[in-house]
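Everything below concerns the one structure shown next.
Only heavy atoms go into these numbers, but all of them, side chains included; no hydrogens, no water, no symmetry mates. This chain uses plain numbering: 1 for the first residue, then up along the sequence.
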Amino acid sequence: MKKSALRKYAKLIAKVGGNVQKDQYVELNIGVEQELLANYIVEECYKLGAKQVNVRWDSDLVTKTQYKKQSFKSLSTMLPHRIAMQQFLVDQNPVMIYVESSDPDALKGVNQAKIAKTRQALYPILKPFRDQRENKYQWTIVGAASPAWAKKVFPDLPKGKAVEALWNAILKTSRCDENQDPIKAWEEHNKELAKRTAYLNSLNLESLHYTSKNGTDFKVGLLPNVNWLAGGEETLGSNIYFNPNIPSEECFTSPEKGKAEGIVYSTKPLSYQGELIENFSIRFENGKAVEVHAEKGEELLRHMINMDENSGYLGEVALVPFDSPINNTGILFFNTLYDENAACHLALGRGFTNCVKDYDKYSEEEMHKMGINDSLIHVDFMIGSKDLNIVGHTRDGKDVLIFKDGNWAF
Ligand code: ZN
């Protein structure tokens with residue numbers, strides 16, 4: 001990728017994604033193969049006045065070795081310096097920047113139960129830290145092309161060409177290609193998304209009913225005091241506007257825990273814990289996933305919904321038109337950041353407390369009691385198809401067509 005294109009992308013990440021402010025700390029998580037991009041992001045953060053940017057290098061190879069060679073006991077022990085790090089995150093609310101470039105199949109061959117058990121064991125240690133800083137800091141997730149990921153997306157291209165093709169797709173869907181001013185493009189995009197959410201919020205929906213020829217027939221309940229959100233968000237307390245996902249095309253909300261009935265069929269593969277789950281269905285009863293089937297990765301899917309007592313309940317409902325810019329690229333990214341923004345999706349696990357109206361007036365616990373789910377996982381899976389219809393039922397008893405043949409009906 002051209003240096004000037006990477007530089008432009010780095011600026012978008014620091015300015016629009018994280019919106020780094022003067023004297024803020026920044027934590028940058030990025031793959032070891034992305035040295036040049038990392039350097040540009042660090043530079044752009046300092047240009048914006050960052051106090052200190054710390055880089056944490058990720059490596060699929062090392063992660064895999066760690067899971068294989070360490071005992072469960074060792075994996076689930078938090079050493080003092082890692083606890084201190086969690087306390088630093090709570091005290092300073094640094095901007096978190098995550099650059100994803102992992103191979104979607106990176107952890108294939110690792111004992112999935114060991115990974116799941118490790119996450120379960122670490123959760124109670126990490127949760128109090130997480131709860132203390134929830135909604136208070138800026139964060140952004142973006143992508144970067146690595147050879148392993150690119151070969152998964154473009155298996156027929158030679159490595160160099162595959163990486164270039166994936167980069168082009170990333171920059172295009174991030175509104176950051178040669179032809180556009182990404183900062184301006186994102187301002188406009190956020191305005192458009194805000195119009196959609198304003199309309200959805202005005203409907204005062206009680207439930208959504210999904211039907212599709214693939215067999216999906218599913219109903220989910222929505223809470224009265226919970227908003228639809230999209231695009232940029234503001235931090236709690238400091239009111240700094242940032243974009244948690246680049247790209248982002250979805251309008252999403254947190255559904256009512258316990259209110260989901262029927263069956264949904266996946267329309268894209270899901271990369272979970274470094275392994276793929278493909279062609280699957282999930283059946284819900286009283287809000288909970290009670291039956292799953294998958295052509296590939298069924299065991300892993302079962303691990304996922306049984307991660308903890310709430311991981312079988314939904315945390316997110318998101319609407320994305322079939323005609324979205326990402327879906328129109330025709331590329332299957334095998335990465336949730338992109339694929340979730342190409343199709344309507346649901347997420348199992350943790351809900352979004354910042355969807356609650358006046359969420360600053362409630363404690364995390366109060367919002368969980370209201371019906372916002374809490375879990376150690378939050379996993380998006382795609383159910384949007386080209387013939388998906390969604391009918392919304394409003395609280396004053398009307399039926400409103402929300403999606404017709406895969407796209408917005410309004
Ligand atoms: Zn989503």
Side-chain angles (χ1 to χ4, degrees), residues 1-21 24-63 94-104 106 138-154 157-186 242-248 271 274 326 329 331 333-339 341:
M1 192 36 53
K2 268 197 238 144
K3 283 185 180 172
S4 58
L6 279 187
R7 166 72 74 184
K8 195 163 146 181
Y9 189 45
K11 196 171 170 182
L12 173 73
I13 294 166
K15 174 79 192 151
V16 175
N19 194 8
V20 175
Q21 305 287 302
Q24 279 195 306
Y25 287 102
V26 180
E27 294 290 318
L28 170 62
N29 300 265
I30 189 165
V32 284
E33 78 291 338
Q34 302 295 336
E35 190 184 10
L36 189 60
L37 177 63
N39 189 47
Y40 286 157
I41 296 173
V42 172
E43 281 184 3
E44 292 299 328
C45 290
Y46 283 125
K47 273 191 209 163
L48 293 169
K51 184 186 272 181
Q52 192 180 99
V53 188
N54 295 304
V55 182
R56 283 189 277 176
W57 297 103
D58 294 330
S59 154
D60 288 346
L61 207 61
V62 173
T63 303
V95 183
M96 306 297 290
I97 299 176
Y98 303 93
V99 182
E100 290 190 353
S101 59
S102 277
D103 177 355
Q138 302 117 272
W139 55 279
T140 190
I141 308 177
V142 303
S146 66
W149 179 20
K151 277 300 277 179
K152 184 86 197 169
V153 180
F154 301 104
L157 294 180
K159 207 198 264 173
K161 287 260 183 272
V163 171
E164 199 186 312
L166 184 55
W167 261 126
N168 287 335
I170 287 172
L171 295 181
K172 184 160 187 257
T173 55
S174 303
R175 294 175 160 75
C176 191
D177 60 16
E178 297 151 38
N179 315 315
Q180 35 194 347
D181 170 358
I183 314 274
K184 229 167 111 192
W186 273 86
F242 65 101
N243 280 278
N245 286 183
I246 293 178
S248 180
S271 174
I326 298 177
T329 63
I331 299 168
F333 286 85
F334 298 97
N335 177 296
T336 299
L337 176 63
Y338 298 89
D339 293 333
N341 282 300

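Contact annotation: the side chain of Pro104 approaches that of Trp149 to within less than 4.5 Å [non-hydrogen atoms, C-beta and beyond]. Under the 4.5 Å side-chain criterion, counting only non-hydrogen atoms from C-beta, Trp167 is in contact with Leu6. Between Val42 and Leu28, some side-chain heavy-atom pair lies under the 4.5 Å cut-off. Side-chain contact between Met1 and Leu37 is absent, with no heavy atoms from C-beta onward closer than 4.5 Å. When side chains are defined from C-beta on, Phe154 does not count as touching Lys161, because their heavy atoms never get closer than 4.5 Å. Here the side chains of Pro244 and Ile141 are not in contact, with every heavy-atom distance at 4.5 Å or above. At least one side-chain heavy atom of Ile170 sits under 4.5 Å from a side-chain heavy atom of Tyr9. Using a 4.5 Å heavy-atom threshold, the side chains of Val142 and Ser174 count as separate.
The main-chain N or O of Phe334 is found under 3.5 Å from a side-chain atom of Asp339 such that the two form a donor-acceptor pair. The backbone N or O of Tyr25 sits nowhere less than 3.5 Å from a side-chain atom of Glu27 that would complete a donor-acceptor pair. At least one donor-acceptor pair under 3.5 Å links the side chain of Tyr338 to the backbone N or O of Gly143. Not a single donor-acceptor pair under 3.5 Å links the side chain of Ser101 to the backbone N or O of Ser146. Checking side-chain atoms of Asp60 against main-chain N and O of Ala106 turns up no donor-acceptor pair under 3.5 Å. The main-chain N or O of Ile41 is never found under 3.5 Å from a side-chain atom of Lys11 such that the two would form a donor-acceptor pair. Here the side chain of Ser271 pairs no donor or acceptor atom with the backbone of Asn335 at under 3.5 angstrom.
Of all non-hydrogen atoms in Val32 and Ser59, the two that sit nearest each other are CG2-CB, 4.1 Å. Between Ala50 and Val20 the shortest heavy-atom distance is CB-CG1, 3.9 Å. Summarising the geometry of Pro158 relative to Lys151, their closest heavy-atom pair is CA-NZ, 4.5 Å, with the distance given to 0.1 Å. In terms of heavy atoms, Leu157 sits closest to Ala165 at CD1-CB, 4.0 Å. The two atoms that bring Pro247 and Leu337 nearest to each other are O-CD1, 3.9 Å, heavy atoms only. Summarising the geometry of Val53 relative to Tyr46, their closest heavy-atom pair is N-OH, 3.1 Å, with the distance given to 0.1 Å.
Using a 4.0 Å cut-off between charged nitrogen and carboxylate oxygen, Glu44 and Lys15 do not count as a salt-bridge pair. Using a 4.0 Å cut-off between charged side-chain N and carboxylate O, Glu178 and Lys8 make no salt bridge.
Counting heavy atoms of neighbouring residues, nucleotides and ligands inside a 6.0 Å radius, atom NZ of Lys47 exceeds 12 of them. Heavy-atom contacts from other residues, nucleotides or ligands closer than 6.0 Å to NZ of Lys172 number 12 or fewer. The 12-atom threshold is not exceeded at CG of Leu61, counting heavy atoms of other residues, nucleotides or ligands nearer than 6.0 Å.
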**OP:** Please step through side chain to side chain contact (heavy atoms under 4.5 Å, CB included) for the pair Thr140 and Phe242, ending with a clear verdict.
**Re:** CA-CA 8 Å; Thr140 190; Phe242 65 101; 5.7 Å; no
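Under the side-chain hydrogen bond (donor to acceptor under 3.5 Å, both in side chains) test applied with Gln24, the options Lys51, Gln138, Gln52 reduce to a single match, Gln138. No option in Asn168, Ile246, Thr329 other than Thr329 meets the side chain to side chain contact (heavy atoms under 4.5 Å, CB included) test with Thr173.
Rounding to the nearest 0.5 angstrom, the gap separating the CD1 atom in Ile30 from the CH2 atom in Trp57 is 6.0 Å. Once rounded to the nearest 0.5 Å, the distance linking CG of Leu48 with CG of Asn19 reads 7.5 Å. The line from CD1 of Ile97 to CG of Asn54 is 11.5 Å long, rounded to the nearest 0.5 Å.
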